[in-house]
Every structure is written in structure tokens, then in C-alpha cells.
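So that the names make sense, note that chain A is the first sequence line, chain B the second, and so on, each numbered from 1. For clarity, every value in this text was computed on a predicted model and none was experimentally measured.
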Amino acid sequence: MDSRYDFREIEKKWRAEWEKNPINKEDDVKPKFYCLDMFPYPSGTGLHVGHWRGYVLSDVVSRYKVLQGYQVLHPMGWDAFGLPAENFAIKNNMHPSIATANNIANVKRQLHEISALYDWDKEVDTTDPNYYKWTQWIFVQMFKHGLAYEKEMPLNWCPSCKCVLANEEATNGTCERCGATVTKKNLRQWMLKITAYADRLLEDLKTLDWSDKVKKMQSDWIGKSYGAEVGFKVVDSDLTINVYTTRPDTLHGCTFMVLAPEYKDVAALTTPECKEAVEKYCFEASTKSSVDRMTDKEKTGAFTGSYCINPVNGKQIPIWVADYVLADYGTGAVMCVPAHDERDFAFAKKFDLPIIQVILPEGEEEKELTEAYTGDGIIINSGDWNGMKAFEAKEKVPHIMEEKGLGKKTVNYKLRDWVFSRQRYWGEPIPIVHCEHCGAVAVPEDQLPVLLPQVESYKPTDTGESPLAHIDEWVNTTCPKCGRPAKRETNTMPQWAGSSWYFLRYVDNHNDKELASMDRLKKWAPVDLYVGGIEHAVLHLLYARFYTKFLYDIGAVPFEEPFQRLFNQGMITKNGGKMSKSLGNVVSPDDLVQNYGCDSLRMYELFVGPPELDCDWDDSGIDGVFRFLNRVWKLVYNNKDLEIAPTKDMEYLRNKLIFDITNRLEALTMNTVVSGFMEYTNKIIDLSKQQGGVDKQTLETLVVLLAPFAPHIAEELWKELGHQESVFDAGWPEADESKMVQDTIEIALQVSGKFRDTMMVAADADKETVLAKAKEVLASRLEGKTVVKEIYVPGKIVNIIAK
RNA sequence: GCGGCUGUGGCGGAACUGGCAGACGCACCAGACUCAAAAUCUGGCGGUAGUGAUACCGUGUGGGUUCGAGUCCCACCAGCCGCACCA
């Protein structure tokens, strides 16, 4: 090799070499480390520099772990079912599997250019029948355990994707995938009872090494609240209305009741005089879009003509219907305390209903309220509850109610069951057969997978019927239970199905007896570090946790939480916008690899900014990293044959380098790792000029530390330094802290808090000596003043307060 | 509306538990090398005043705590993100 840094030659050479002799092999003597990237959807656009950011980060950690002596599992695969492939197929009249295969080939080529440690033997593809066999198997287990069930109800329907959406996919009333406004449609759908796991999904968040942000997003989404259920008897009727409230302390202030328009007893509760108005109101509410219903703050409603009795004071209160009450949260009925709830206050003002204050802020007089008061205070106007502290009463009242048989303590969740079927072609068929006599029957496990049939038209319909429904020879089958004619379920699973458990399959991807063997799972899983974008915080990450907990419960996996540590890398934008084909602002890594090399791009991806924050892409900065690698090349190349003993100063730099790089790498503050490399390399070069060269140990340390980041150049320089084996066999160096102390240190000098000068002192100098020297240095500034106070922070600063 | 994050030169960003703000890099300027250019190397690079050493100002705004604040506390402003009538 010549003295020029020929990255093309070097990278080509080592990529080929590593493919022949992988640097990371399974070796059970070593501890394990499972480092996982969120697997990509193999899109036609390919990968952009934003994808690389996460992949490079996880690869750096993987290589670091190899150097530390771990056996590392760092796999890659394809989340390949889903709408884009299907839409592409419809447009180009080709089968989605072909488009998918093409895209996988292209993305795989790009991934090779990162030179990540991926072990391609472990590859998984969610559209492979050998894979989705187990996606279906899990569904069958859920069905058998009563966690998969059918239900007809109004669902979020995306008119553009032409399929139903899960609640998690329809936040803000828009489709998570395409942004279209979601409408409601009454359909029979398969549901997964994720709510059965609500409490565990919430509680176990505490055990995870995830960012507070994602944990909070999940716990808010699960939305646990504590309160009471209270029964209100309806006047002149056998009916009782149960309400859920988190503020039972305000019960005496309840002056009316509101039901959701969909509440089951609305018709029965409506008097003949009010019938017309209530029916009209309920009809209007049903046609209102879910967005309007969520965002219209202006209150509307209708009086049913009926009254019920407040159980704590016997007062009769009117029953209204209003669409600000949600049918599927709590009981669908709300006790209204206008004095202490903003929504109830607005409603009472609008319809002129009585407002009774029952909580008085401490130290205030009772006066007419201009807005609802929701804080703590003293209870008033509440019979024998008077004088209690409101927030204490909140805890006590449910027990009082329970003793009197008027209600009970209860909890509620915002989380809803998961709408699991989709009316599209390119997904896993739901392995269920509908039989007139036996109902819904699971396809026997030995008949899995239920293969996705070839179909002439993949086109979705507007009716909520799956394209599969038209393939009679596929739909018509026999009931596995009774053998009579039956029909297959024609809906497919959502794209989340395959991604909810893929991390389990990597550890044992060729297993045809089980989704993964217990031994392999125990060896590798759970994932030690999971790297991906934050956009899946309440989607994939919640679903995967749910799946894992279920599989744990049925004894299929030996742990409850799939991802111990989660790292969410920030998005890379271009000119402030998300990179997308339609905006034409996609920056492909391909040209950059061509012009600067993989190593430069890897380091630049990390250098652009703090990895957890979004950042805007700018090509020009890569020059700096490229120049740095050239400097390293030259430094090592020019000094490798010199016989120089390590000097004290160089030993200091070398050990500080190890110390800083290791700490920053552990903290995943990768941008500061790169700047640290530059800083120390500059210092080493300067020192080398002063002392006429660099010792070999320092060069070797630099090269080994650099290996996870710029593996090709490191491997090449390692060879140049005379080693036969790979740099990844070198072991990660440890800093010798005894070498990191200096004889003399620089102290900053302040006069009255203002920085004035610096001075060098012996590192072990005592306070008196330092202060005496400081006053000497600052003599001219202290002239004519009296010293009031002297402060010395050892090793850092002297501050002399003088007047 | 509620909750969270962020705010530092022309730009991306450093600054660990309060202790020399602007590390490192980009861009820019000057010099060396060169017939010339590129590459490379050397130096400069927050603002204002001054020939100058130097002085004063400076981390979104206003206040506070402290010998000392980018860092801690209070109030506010701006931007981004999440949730959004969850009783």
C-alpha cells in the first residue's frame, strides 16, 4: 500500500475479506450482546442518509462490543408486507412479491456499503411463508386464549387506504400512514385484547432503560386513571345509570348527568315530549366526523326529559345527551359537576343548569364562579363531608360509597383493544375458518401457514370487503372441526403483525418446529440495545411488548420485555423537511460513499449532531471528516517504522483519549466521540512534531479505538503496523488513570468574580502556596485594594474578592 | 388547552457534579508551497472601542440565588414534538 489514503481500494479489499472471514462469530465462551435495528420497509426509493444514521450507530456499538470480547448478534431483515408494495403492484400490474423482491435486493446492496456487521444467515422476511407461518401461529394462540375475538362496531376507516385502522394509527383523526381524514364505519372486525395487558404494559415501563419521552408517550396512551363507579337510580324507572368519575369528592356538586349519544339506554330514558329532539340530536352526532367531534369545543346537547337521583343527597337531577361524552370510555355516562370541571361548566352555562360549588380553595371566600375550579381545597355544601380536604376525600369517598353499596372503587384506561384485520391483499391471511355450525374456527396448527393465494385483482374495495373475498376456490373450504363446507376469513393482518415478534425469530430463523427454540432465546434474547426512530413509540413498540408478554404467558419465550435499552435517533431532514421521493429531497448515501468512502460517511453521520436530535443534512461537512481520516492515515503511515519510546506527555494524551472515547461511546454521544478523535489526533500530531515522532503504542491505540467507527481504514492501518490478525481481535484498551495526571496544572485567576489571568502551579501544591502565587500574579490588579475573601477550588480556580 | 423538548458566533455544534463560554468541524480571510490552480501546511476568525497591550459587552427576554450562572430557581417569549372533551 502506498502512502496515499486510497479509500476505494482499502474498503473494497476489507469488505471482501470480512465476507470470507467474518470478524464476529458465535462463541459461547463469550458473553452475548444483541444489538438490533428496527428493520426497514424495503421501499422502492431505497435508503437515504437518515436511515444510515441509526444503522451506523448500532453498528458502531456492535463492533465496540466485539472488541470488548462479546459475541454479538446484529441481524437485519425486512418488514415487507404493507400498502406501498401493494399500491405499486396495482399501478404497474405486477405481483407485490416481485416488487418487494426487487426492493429488497436494492436495499441489501446499500446495506452492504455501510459495511455493517449484519449476519445475513439470520435474515428474516415477514412475507416469507416460513416466517408468516409463525405470525399466524401466534394469532391462533391468541384466539385459543380468548385474546383474539370478532366484534362489530364503529371503526376508524381510512377512505384513501380503504381499510380500517387501529386507534394507534388514527390519532388526531387522520390516518397515520397517508394523512387522510378518518371516517367511521360499522364493520365486523378481528380485535386483539391488548387491554387485558394494560396494567402490565404500564407497570413494566419502569423496568426499561428507555427515554422518559417514549415511556411517557406509552403511559399516556395507556392512560390509567383511578376513580369510582357510582350508581344513579332513574326516577320512575327500574334503570340505574352507572358513571365513572375520578372526582368522587365532588359528588354533592353534581347537578346533572350527560350520556353519550350511543349510550345503550338513551331511547328508554327519553320521554315522549323529548323524543323528537333527542333522536335528531343523536342522528346528527352519528354523522359528525370524528375530527369535528374531537375538536368542537362548543357544547351541544339535548334533554331526555328524565331525571335520576344523586345517591349522596337524594336530589333529582336532569339527564341530558351530549356528544362530548365518549361512548367507549368509562361507562358512557358522566356525572356532571359544573363548578369543578371545565367541560361541565361550559355545558351548564350554555344550557343554564345549576352550578353548586363544593370545593373551596384554601383561604378563600365563597363567591360566584367565573370558571371551573379544578384544584384542591376544602369541601363545602356537602353534608357530613364538609371540612374534608378534597384530594384526601378523593381517596376516601370510594370506600365510603362501597360500604353503603352506592358504588365501588375502580380504574379506567384510555387504551382500547387493537383492531387487527385489514381489508387489503398484501398481508398475512388471518388463519380462521367460518363455519355455520361451529362459528369461527382456528386453522389447525399443522395446516399453517395459510398461504396468501395468487389473485388477479389486488384492488381494495370501498365496502370494507377484502380482495381475497372474490377468490372462491380459496374462500370455500371445509370446517376443520365438523368437516362441513365453510368459508375462510378473507381479511389480512396489519403490517404490525410481522414486526411485533421479528426480534424473536432472528435468534433461530431456520427453525420449522417453533417460532424460536427456548435455548436460542435464552442465549440471545432479550435485545440489549434497540435502535430506531421515535415514530413507533405507541405503535410497534407497544404492540411488540404486548406480543412478548403474551408469548411469555403461554411459555413460548422466557422474558416479558423484548427491548431492555431503547435508543431513538433523531430524524435527518433536508432543507427542514422530511426526506421523501415526492418532495424530491432524498439524499442518497451512494454518491457520498463513492466520493469520500464508507468510513468518512460513517463518521460524518455521527458527527452531524447529537444522535437523539433531528438535524438538517448538509453534504459540505463531510470534508472535515475526510481530512481527519487523511491526517490519521498520514500520522500512522509516517511514524509506524520509528523506534520511539512513549514519552510522559504522549502517555497522558493516549490514556486521556481512551478514557474520553470510551465514556462518550458508552453514553452514545457519538458526535462528541468524533470531535474527541479530531481533538486528540491534532494534539498527538502537534506533540509528535515537538518530540520528533510518535511511539507505536499510541498509534495502535488510536487505530483500535477508531475501528468501530471507520473499520476499513483501521483494519488497513493495523496491518501496516505489523499485525497479522484483525484489528477486531485486538481487544478494547483500558485507560490507566495513573497516567492521566500531570505534574503542573493551569489555574484560572479571578478578581471579584471576573476572569483575569491563568497560572501554572504544581498539581500537589497546597492552598497557601497557590493563593500566595495568585496574589503575586495579580499584584498590579490588587494594588490599593483590600482583600475581603479568598476562594480556591483545587485544580480549577482562584477567586480573590477585593475592594 | 395540557405535557415534554429545544433556544450558545455566518453555520453544525462543545462545555462531565455551577468554575477560563465558543472545543471540534464547515464556511470565510491571510500566508507558505506552485508558472498557476487543486490538494496540503501555517496563522486568523463572537461584538464594540483602540495603532496597541487592553477595556467593556456577550449563551432567547426579565428578575433572583451565589465569591462565581450557558448550567440552579421564578416569570415570560419563540420554535419543535406528543396528547387533545378520557369525566
Side-chain angles (χ1 to χ4, degrees), chain A residues 4 171-173 211-214 216-217 220-221 223-225 227 243-248 250 254 258 260 291 293-299 322-326 328-337 340-344 346-347 374 412-416 534-535 537-538 570-571 576 603-604 607-610 612-625 627-628 630-631 634 660 663-664 667 669 671-682 685 746-758 788-802:
Chain A
R4 195 169 48 91
T171 53
N172 296 318
S211 72
D212 289 341
K213 183 177 172 140
V214 175
K216 194 175 178 333
M217 280 169 77
D220 284 354
W221 188 259
K224 185 176 188 174
S225 69
V243 300
Y244 171 72
T245 177
T246 57
R247 291 298 303 275
T250 64
C254 171
V258 174
V291 193
R293 224 174 124 166
M294 277 193 299
T295 49
D296 280 0
K297 297 285 188 234
E298 181 68 31
K299 294 284 176 285
D323 67 3
Y324 79 91
V325 174
L326 305 173
D328 55 355
Y329 180 77
T331 61
V334 173
M335 63 168 234
C336 295
V337 185
H340 305 293
D341 181 281
E342 284 166 32
R343 298 149 301 180
D344 300 346
F347 195 84
T374 55
N412 247 302
Y413 300 92
K414 288 195 214 176
L415 185 70
R416 305 293 145 80
I534 200 164
E535 65 273 15
V538 287
M571 193 175 44
M603 291 197 87
Y604 185 53
F607 192 50
V608 289
E612 71 281 6
L613 299 183
D614 293 349
C615 82
D616 204 63
W617 185 265
D618 178 6
D619 277 357
S620 68
I622 196 172
D623 285 306
V625 179
R627 284 174 198 145
F628 160 73
N630 274 285
R631 281 202 300 279
K634 243 187 272 177
D660 281 356
N663 286 339
R664 294 174 188 186
T669 55
N671 55 326
T672 65
V673 176
V674 179
S675 65
F677 271 123
M678 292 172 170
E679 197 177 337
Y680 282 106
T681 302
N682 291 347
I685 291 171
E746 197 184 46
I747 300 280
L749 303 178
Q750 294 184 340
V751 176
S752 302
K754 248 188 170 49
F755 169 76
R756 290 301 177 195
D757 211 339
T758 62
V788 186
K789 197 173 177 184
E790 294 166 346
I791 291 151
Y792 172 50
V793 182
K796 283 187 178 154
I797 205 161
V798 168
N799 188 5
I800 301 195
I801 318 299

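- Residue A/K414 places no side-chain N or O under 4.0 Å from the OP1 or OP2 atom of B/rC85.
- Per the geometry, CE belonging to A/M571 stands 14 Å off C1' belonging to B/rC5, to the nearest Å.
- The separation between A/Y680 atom OH and B/rC24 atom C1' is 12 Å, rounded to whole Å.
- Taking only side-chain nitrogens and oxygens, A/K213 never comes nearer than 4.0 Å to OP1 or OP2 of B/rG4.
- Dashed line: the shortest gap from a side-chain N or O of A/R756 to OP1 or OP2 of B/rC20 is not under 4.0 Å.
- Atom CE of A/M571 sits about 4.5 Å away from atom CG of A/D614, to the nearest 0.5 Å.
- Using the six-membered ring where Trp is involved, A/W617 and A/Y604 have ring planes that are perpendicular, over 60° apart on the 30 and 60° scheme.
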Pairs counted as Watson-Crick or G-U wobble with both distances under 3.5 Å: what dot-bracket string results for RNA chain B, using | for bases tied to another strand?
(((((((..(((......[....))).(((((.......))))).((((....))))..(((((..]....))))))))))))....

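- Here B/rG9 is in the syn range [glycosidic angle within 90° of 0].
- Whole-Å rounding puts the A/N671 CG to B/rU8 C1' distance at 15 Å.
- Contact annotation: A/N630 side-chain N/O to B/rU40 OP1/OP2 distance is not under 4.0 Å.
- Between the P atom of B/rG19 and the CD atom of A/Q750 lies a distance of 11 Å, rounded to the nearest Å.
- Judged by distance alone, with hydrogens and angles left aside, the side-chain atoms of A/R664 form a donor-acceptor pair with the main-chain N or O of A/T672 at under 3.5 Å.
- Between A/Y244 and A/Y329, the ring-plane angle classifies as perpendicular under the 30° and 60° cut-offs.
- B/rG22 atom P lies 12 Å from atom CD of A/E679, rounded to whole Å.
- Rounded to whole Å, the P atom of B/rU17 lies 33 Å from the corresponding atom of B/rG43.
- Heavy atoms of A/D220 sit nowhere under 4.0 angstrom from any nucleic acid atom.
- Note on A/V325: a base of the nucleic acid sits closer than 4.0 angstrom, heavy atoms only.
- Rounded to whole angstrom, the span from the CZ atom of A/R631 across to the C1' atom of B/rU42 amounts to 13 Å.
- A/I797 CD1 to A/Q750 CD: the interatomic distance, rounded to the nearest 0.5 Å, is 3.5 Å.
- Comparing the C1' positions of B/rC77 and B/rC56 gives an interatomic distance of 28 Å, to the nearest angstrom.
- The base of B/rC20 lies outside donor-acceptor range of the side chain of A/K796, with no N or O pair under 3.5 Å.
- B/rA15 and B/rG25 are spaced 16 Å apart, taking the C1' atom of each and rounding to whole Å.
- Taking the P atoms as reference points, B/rA38 lies 11 Å from B/rC28, given to the whole Å.
- Regarding contacts with the backbone of B/rC16, every side-chain N or O of A/R664 stays at 4.0 angstrom or more from both OP1 and OP2.
- Contacts between residues 613-621 of chain A and RNA chain B, defined by a heavy-atom separation below 4.0 Å, involve A/S620, listed by number.
- Within the 4.0 angstrom heavy-atom criterion, no nucleotide atom of any strand lies near A/F677.
- Residue contacts shown for A/I801 are limited to sugar-phosphate atoms, with no base heavy atom under 4.0 Å away.
- Nearer to the 5' terminus of RNA chain B, by closest-nucleotide assignment, is the contact made by A/D623 (compared with the other of A/G330 and A/D623).
- One distance of note links CZ of A/R4 with CG of A/N630; it measures 10.0 Å at 0.5 Å rounding.
- Counting any heavy atom pair closer than 4.0 Å across all strands shown, A/V334 reaches a base atom.
- Judged by distance alone, with hydrogens and angles left aside, A/E342 brings no side-chain donor or acceptor close enough to the base of B/rG1 to form a pair under 3.5 Å.
- A/T246 comes within contact range of the sugar-phosphate backbone alone, with a heavy-atom separation under 4.0 Å but no base atom that close.
- Separation of the P atoms belonging to B/rG19 and B/rA55 is 23 Å when rounded to the nearest angstrom.
- Comparing the C1' positions of B/rG9 and B/rC45 gives a spacing of 10 Å, expressed to the nearest Å.
- Residue A/K754 is in sugar-phosphate contact alone, with no base atom involved, counting any heavy-atom pair closer than 4.0 Å across all strands shown.
- We find that CD of A/E612 is positioned 17 Å from P of B/rG82, with the value rounded to whole Å.
- Separation of the C1' atoms belonging to B/rG79 and B/rU40 is 42 Å when rounded to the nearest angstrom.
- Side-chain nitrogen and oxygen atoms of A/Y329 include at least one within less than 4.0 Å of the OP1 or OP2 phosphate oxygen of B/rA87.
- OP1 or OP2 of B/rG25 sits under 4.0 Å from a side-chain N or O of A/N682.
- Following rounding to the nearest Å, A/F755 (CZ) and B/rC20 (P) show an atom-to-atom distance of 9 Å.
- Residue A/S752 has no polar side-chain atom (N or O) positioned under 4.0 Å from OP1 or OP2 of B/rG68.
- Remark: the separation of the P atoms in B/rC76 and B/rC81 is 23 Å, to the nearest Å.
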